[in-house]
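In what follows, every heavy atom counts, from backbone to side chain, and hydrogens, waters and symmetry copies are set aside.
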Amino acid sequence: MNFNLKAVNGQVIGTSEMYESAAGRDGGIASVKTHAPSATIDDKTVYDIFIHSRPLRPAMYSTYRLL
């Protein structure tokens with residue numbers, strides 16, 4: 001079993017590792033709640049770059065890692 005981390009709009013922005021028990025999963029959730037508010041975020045978002053001064057636009061996916 002695992003858990004999903006969702007944004008305010010309901011979009012899944014992260015998925016945990018697989019846990020062998022509900023107690024392990026619940027411990028993982030508690031750890032995220034404890035550590036995420038003060039974590040440094042390493043934004044690995046991929047951007048498409050256009051020629052001729054067109055603006056940058058986000059690609060179809062983003063990757064974040066809590067440090």
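M18 and M1 make their closest contact through CE-N, 3.3 Å (heavy atoms, listed as atom of the first residue, atom of the second, distance).
Partners of V12 by side-chain contact (heavy atoms from CB on, under 4.5 Å), not counting sequence neighbours, listed by chain and number: N4, K6, T15. Partners of S16 by side-chain contact (heavy atoms from CB on, under 4.5 Å), not counting sequence neighbours, listed by chain and number: N2, F3, Y19. Annotation: side-chain contact (heavy atoms from CB on, under 4.5 Å) contacts of A7 (sequence neighbours excluded): N9, I13. Checked against side-chain hydrogen bond (donor to acceptor under 3.5 Å, both in side chains), T34 has no partners two or more places apart in sequence or in another chain. Under the side-chain contact (heavy atoms from CB on, under 4.5 Å) criterion, A30 pairs with no residue, sequence neighbours left out.
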